[in-house]
*Asks:* 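My structure is below; once you've seen it, I'll send some questions.
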Amino acid sequence: MLYRALGRTGLQVSEIGFGAASWWGKTQFEEIHAARLVDEAIAGGVTVFDTGASYSGGNAEPRLGRVLKGRDASGLVIASKAGTFVDAGRVRRDFSPAAVTASAERSLKVLGLDVLPLLQLHGPDIGDLSDGLREALQGLKARGLVRALGVNSFDSAVIDHVIGLPDFDVVMVDYNVLRPEREPLIARAAAAGKGVLAGMALAMGHTGLKVARIAGVRDLWYAARGLVRHRADVMAGARFGLLNRLPGISGPQAALAYVLANRDVACAVTGTTRQAHLVENLAASGLTLSAEAMAAIRTQQGARLSA
Ligand SMILES: NC(=O)c1ccc[n+]([C@@H]2O[C@H](COP(=O)([O-])OP(=O)(O)OC[C@H]3O[C@@H](n4cnc5c(N)ncnc54)[C@H](OP(=O)(O)O)[C@@H]3O)[C@@H](O)[C@H]2O)c1
């Protein structure tokens, strides 16, 4: 596993991060399997574990805390999110200073940490980023409860706004082969000294036609999520079959190598519930795409954008 600097945070992070989210965090996925994946990720050199208060119906963050209990987490960059929470099965938003502070304090408790290496706001609007909220976040830092602050958003206007705010050290954007349009935004963030995390680095598996590979209830869940909420990505992913036909590199590895070819990205965060997939994804660190493969990807991206 190779490591990169996370902007100016002073943190070094593994090129591949572990998404403690989605089906991994669901109660339907047995905790013993979830724990084994975390063990395997740590053994493979992963330091970034990305979760959130509202992930997996609210079960992902406490699960990560239980799984890490008794393990030495001092070298890990545990990243959680605030501003969203689960109430009666629904994800709700509250970016008030009091709610975000309480959420961070709760995250520390359930994760079993004294200091949270990274706290990110989970999808705020620009209007949510009030002086009061920023003061509250700085208060968490001043109390030594949080080391670095970030914003996770898939709205480029929000990220551009955050790039201009010195309070935030990190941004997490959706970046993968289906999102080349994020590249100027990522370059601006890095130039401003922000650490950049690529969320959805595997494009939710859509470049591997994940929706058509159903071998169990978890695959049905991912397929339904894709078809209901990310139909355009499912369609776009079908254009990138070329990733799965490259010599010497698997399709998911090629998708991750594309993300990591961008030196402004510190870490590609991927989610998986299968050990073989985890091993495959971890092995993507250090792999590079040939110039021909990159050119073929660019051609597909261009064709898609002009379609
Ligand atoms: N998606 C979002 O809206 C969002 C938002 C904010 C942050 N994030 C962060 O970004 C992380 C990664 O997002 P993501 O979209 O890549 O992951 P994801 O939503 O967790 O989905 C990954 C999909 O790819 C499959 N997959 C993983 N490795 C594979 C492999 N080697 N071969 C074939 N299929 C593979 C997984 O299936 P298997 O379980 O079968 O491997 C799963 O269906 C999340 O976990 C979260 O931490 C995501």
Side-chain angles (χ1 to χ4, degrees), residues 16-26 28-29 33-34 36-38 40-41 44 46 48-56 60-61 63-64 77-81 83-84 91 118 120-124 150-155 158-159 170-179 196-230 233-234 237 240 243-244 249-259 265 267-285 287:
I16 306 292
F18 186 96
S22 304
W23 193 260
W24 176 89
K26 294 264 180 200
Q28 297 95 317
F29 186 55
H33 299 307
R36 272 195 206 125
L37 288 164
V38 170
E40 182 103 25
V46 171
V48 174
F49 288 84
D50 178 57
T51 192
S54 65
Y55 278 7
S56 310
E61 190 186 55
R63 165 168 286 179
L64 183 62
V77 180
I78 310 291
S80 195
K81 306 197 182 69
T84 57
V91 176
L118 174 60
Q120 302 204 80
L121 297 177
H122 190 203
V151 169
N152 168 214
S153 175
F154 297 164
D155 180 337
V158 172
I159 296 294
V170 172
V171 294
M172 184 186 220
V173 299
D174 50 337
Y175 181 51
N176 53 55
V177 289
L178 309 183
R179 297 278 192 281
V196 178
L197 300 174
M200 282 171 72
L202 271 172
M204 294 178 280
H206 297 324
T207 57
L209 288 181
K210 183 78 191 166
V211 293
R213 294 172 201 272
I214 310 292
V217 65
R218 67 186 121 175
D219 302 316
L220 274 174
W221 182 84
Y222 279 112
R225 183 183 70 168
L227 291 169
V228 172
R229 287 169 40 194
H230 305 278
D233 282 341
V234 173
F240 288 85
L243 294 175
N244 304 295
I249 189 166
S250 72
Q253 288 174 337
L256 293 173
Y258 172 84
V259 170
V265 171
C267 173
V269 183
T270 67
T272 186
T273 57
R274 289 185 165 95
Q275 198 223 6
H277 288 171
L278 179 66
V279 171
E280 182 180 15
N281 298 345
L282 299 193
S285 173
L287 295 183

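Positions are given from 1 along the sequence. Start at 1 and go down the list; that is how both ligands and their atoms are numbered. None of the values given here were measured: they were computed from a predicted structure.
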*Asks:* For atom 35 (C) of ligand 1, which protein heavy atom lies nearest, and how many Å away is it?
*Replies:* H277 ND1, 3.6 Å

*Asks:* Do me a favour and list the nearest non-hydrogen protein atom to atom 9 (C) of ligand 1 with residue, atom name and distance?
*Replies:* D50 OD2, 3.5 Å

*Asks:* Short list, please: which atoms of ligand 1 are under 4.0 Å from a heavy atom of G205?
*Replies:* 24 (O)

*Asks:* Pick one of side chain, backbone, both or neither for how A201 approaches ligand 1, counting any non-hydrogen atom pair under 4.0 Å.
*Replies:* backbone

*Asks:* Taking N244 for the side chain and T207 for the main chain, is one N or O donor matched with an acceptor at less than 3.5 Å?
*Replies:* yes

*Asks:* Just so I know, are the side chains of L118 and L197 near enough to count as touching, which here means a heavy-atom distance under 4.5 Å?
*Replies:* yes

*Asks:* Between Y55 (side chain) and D50 (backbone), is there a donor-acceptor pair under 3.5 Å?
*Replies:* no

*Asks:* For atom 15 (O) of ligand 1, which candidate among R218, H122, M204, K81 holds the nearest heavy atom?
*Replies:* M204

*Asks:* Is T273 in polar range of ligand 1, meaning some N or O pair under 3.5 Å apart?
*Replies:* yes

*Asks:* Polar contacts were defined as any N/O atom of the residue lying under 3.5 Å from an N/O atom of the ligand; does this apply to R225 and ligand 1?
*Replies:* yes

*Asks:* Looking only at heavy atoms, is any part of N152 under 4.0 Å from ligand 1, and if so is it the side chain, the backbone, or both, or is it neither?
*Replies:* side chain

*Asks:* Check this for me - ligand 1, R274, N or O atoms closer than 3.5 angstrom, yes or no?
*Replies:* yes

*Asks:* So if I count the atoms of ligand 1 from 1 in the order they appear, which ones are less than 4.0 Å from some heavy atom of E280?
*Replies:* 30 (C), 31 (N), 32 (N)

*Asks:* In terms of atom number and element, which parts of ligand 1 are under 4.0 angstrom from non-hydrogen atoms of P252?
*Replies:* 30 (C), 31 (N), 32 (N)

*Asks:* Going by the angle between their ring planes, with limits at 30° and 60°, are F18 and F49 parallel, tilted or perpendicular?
*Replies:* tilted

*Asks:* Nearest heavy-atom pair of A223 and I214: which atoms, and what distance?
*Replies:* CB-CD1, 3.7 Å

*Asks:* Can you tell which part of N281 has a heavy atom less than 4.0 Å from ligand 1: side chain, backbone, both or neither?
*Replies:* side chain

*Asks:* With heavy atoms of G199 as the reference, note each atom of ligand 1 found under 4.0 Å away.
*Replies:* 10 (O)

*Asks:* Establish, from distance only, whether the side-chain atoms of R63 and S56 form a donor-acceptor pair under 3.5 Å.
*Replies:* no

*Asks:* Kindly say whether E280 contributes a backbone atom to a donor-acceptor pair with the side chain of Q253 at under 3.5 angstrom?
*Replies:* yes

*Asks:* Report the part of T272 in contact with ligand 1, treating N, CA, C, O as backbone and CB onward as side chain, heavy atoms under 4.0 Å; options are side chain, backbone, both, neither.
*Replies:* both

*Asks:* With the threshold set at under 4.0 angstrom, would you say F154 reaches ligand 1 through any of its heavy atoms?
*Replies:* yes

*Asks:* Could you see which bit of M200 sits under 4.0 Å from ligand 1, with heavy atoms only: side chain, backbone, both or neither?
*Replies:* both

*Asks:* Tell me which protein heavy atom sits closest to atom 27 (C) of ligand 1, plus the residue, atom name and distance to 0.1 Å.
*Replies:* G271 O, 3.1 Å

*Asks:* My understanding is that we take every heavy atom of each candidate and find the minimum distance to atom 42 (C) of ligand 1. Doing that for F29, W23, Y222, W24, which one comes out nearest?
*Replies:* Y222

*Asks:* Could you see which bit of Y55 sits under 4.0 Å from ligand 1, with heavy atoms only: side chain, backbone, both or neither?
*Replies:* side chain

